[in-house]
4 protein chains.
Amino acid sequence: MWLPIQINEQSAEPLYYQIEVQLRALIVSGQLAEGTLLPSIRELAQMLKCSIITVRRVYQDLESEGLLRTRQGTGTYVARVEQRELDRHRLAAVIEAVDNAVTAGKLVQCTKDEINEIFQEALNKHYNG
Amino acid sequence: MWLPIQINEQSAEPLYYQIEVQLRALIVSGQLAEGTLLPSIRELAQMLKCSIITVRRVYQDLESEGLLRTRQGTGTYVARVEQRELDRHRLAAVIEAVDNAVTAGKLVQCTKDEINEIFQEALNKHYNG
Amino acid sequence: MWLPIQINEQSAEPLYYQIEVQLRALIVSGQLAEGTLLPSIRELAQMLKCSIITVRRVYQDLESEGLLRTRQGTGTYVARVEQRELDRHRLAAVIEAVDNAVTAGKLVQCTKDEINEIFQEALNKHYNG
Amino acid sequence: MWLPIQINEQSAEPLYYQIEVQLRALIVSGQLAEGTLLPSIRELAQMLKCSIITVRRVYQDLESEGLLRTRQGTGTYVARVEQRELDRHRLAAVIEAVDNAVTAGKLVQCTKDEINEIFQEALNKHYNG
DNA sequence: GTGGTCTAGACCACC
DNA sequence: GTGGTCTAGACCACG
């Protein structure tokens, strides 16, 4: 089984965190359906060329968030989560990132229009580019 | 001399980083004019209730960015920076934060409208709230 | 032949252990009489939708406790056990679980009354609810 | 700084779990007040004669439960938690253990009186013994 | 000094 | 085969 997860060696972000963010996104956006069996820890470690321990941490963190479910001897599955909870998870990270951006703008005394312009530019770059 | 810098103990961001961001914003947005004498390292550390080491790091970082200038025995001043350079600095952090937010949105497959709505909400919260 | 054994997929307890506890309870409480022929390993595995290995482990464990007896080619039977031995088995698990509960209460400095109240509530929930 | 934590080498319970249970109990029962600085990871590892990693896991788990707060370079503190939340934490483990005990009793068809008797015995043993 | 990340590798329990 | 625990040790970031 293959997962669309990219690791950026250059990034300052910890390895485990990069993986976590992307795997969480796959789950909460419904690209990995409830009940899906994920690759084993060893497999994913090999795929991502990182240590078993790093993958273990990812699975463990997401399990403690209630998004994954592991059973010894069986494997790791996408957990059953209420739709409402899923939506909350899905938008939480976005809302926080947007809030950070606006806060950064206010800090350097951007006007509402000024920051909105920057935002529309970014939006066009990502969605039309 | 007082500086409008707030430290958030709860935040996961390192102390030095929180201070750096805010002090940089004060400079590049013109709230601290060229030539202004900043508090001494010891004074600022006392004001912010943090370690001297932390403040030293902030001053050093901003000096290496060319925003501050330290004179032996006199103190630390806001450096002379070209207006063009200043503008670049001013918007750089905002642009990056905005880009992060849009990237986060794309990761969980938000539509352009969906993320725009979140953004307008944040904008209203911060500017009209 | 049907056995009233429930598997809880959500529980952290290993599969084999859940089955063992319930099957043991059926025997020591007399709900499965001495000499009763149990389902074959394959049958029970099918009934419980679990692995044959898991059921084999259960039968082996209970046989080594002297509660089951396997005859080559015939099947697995409830063994002959002295009444005294049966009673000991029957209460052993309960006594241990109760002891754990009281220990947990002491750990967080519950008073005798406090923990007794919790216990009476649980008792009412299970027996009158 | 000393912490009243006992490790049972013989127990089947994982090391990290034994430590977690006891440290959590110290916090939620108020024996470690809000804001208390805990021993450093290295210190506690030495005190308990276990690996640094084991202690790290304990601190990390309790932090993700919101009971601890760590800051790099500073140390690990008892977090600020609402009293209501604290009470919930405090009794949750007890309620669960008591429920398990009653369930175990029902499984072997104990009467209400029978299990109550076992419970009162345990209570007397622990509190008057 | 503190905690945070990542590694390699051993051994056990479960299915 | 699977995940779970525990170890030792290196290196980095923060204060």
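Residue numbering restarts at 1 for every chain, and letters A, B, ... go by the order of the sequence lines.
More than 12 heavy atoms of other residues, nucleotides or ligands sit less than 6.0 Å from atom CD of Glu63(C). Residue Arg88(D) places its CZ atom among more than 12 non-hydrogen atoms of other residues, nucleotides or ligands, all under 6.0 Å distant. Counting heavy-atom neighbours within 6.0 Å of Arg69(B) CZ, excluding the residue itself, gives a total of 12 or less. Enclosure of atom CD in Gln46(D) is not indicated, since only 12 or fewer non-hydrogen atoms of other residues, nucleotides or ligands lie within 6.0 angstrom.
No engagement by Cys50(B) is indicated, since no non-hydrogen atom pair under 4.0 Å with the nucleic acid exists.
A distance of 10.5 Å separates CD1 of Ile5(A) from CD of Glu20(A), quoted to the nearest 0.5 Å. Atoms OG1 and CZ, on Thr54(B) and Arg57(B) in that order, are 9.0 Å from each other to the nearest 0.5 Å. To the nearest 0.5 Å, atoms CG (Leu86(A)) and CZ (Arg80(A)) are separated by 10.0 Å.
The only option from Ile19(D), Leu67(D), Leu23(D) that meets the side-chain contact (heavy atoms from CB on, under 4.5 Å) definition with Tyr59(D) turns out to be Leu23(D).
Look at CD1 on Ile19(B): it is 11 Å from C1' on dG15(F), rounded to the nearest Å. Rounded to an integer number of Å, the gap from Ile41(D) CD1 to dT5(E) C1' is 12 Å. In this structure, the CD atom of Gln60(B) is 14 Å from the C1' atom of dC14(F), given to the nearest Å. Rounded to an integer number of Å, the gap from Ile7(D) CD1 to dT5(F) P is 15 Å. Rounded to an integer number of Å, the gap from Glu20(D) CD to dG4(F) P is 14 Å. Separating the CG atom of Asp61(D) from the P atom of dG4(E) is a distance of 13 Å, rounded to the nearest angstrom. To the nearest angstrom, P of dA8(F) lies 9 Å from CD1 of Ile52(D). Rounded to whole Å, atom C1' of dT5(F) lies 12 Å from atom CD of Gln18(D).
Remark: Thr70(A) is not in phosphate contact with dT2(F), judged by side-chain N or O atoms under 4.0 Å from OP1 or OP2. Look at Ser40(D) and you won't find any side-chain N or O under 4.0 angstrom from OP1 or OP2 of dG1(E). Regarding contacts with the backbone of dG4(E), a side-chain N or O of Arg56(D) is found under 4.0 angstrom from either OP1 or OP2.
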Query raised in the report: According to the Watson-Crick and G-U wobble definition with distances under 3.5 Å, which dot-bracket string, read 5' to 3', encodes DNA chain E, using [ ] for crossing pairs and | for pairs with another strand?
Result: ||||||||||||||.
Query raised in the report: Along nucleotides 9-15 of chain E, 5' to 3', which nucleotides get a B, which get an S, and which get a -, given that the test is a protein heavy-atom distance under 4.0 Å?
Result: B---BBS
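For the pair Arg71(A) and Tyr77(A), the cation-pi test (distance below 6.0 Å, angle within 45°) is failed.
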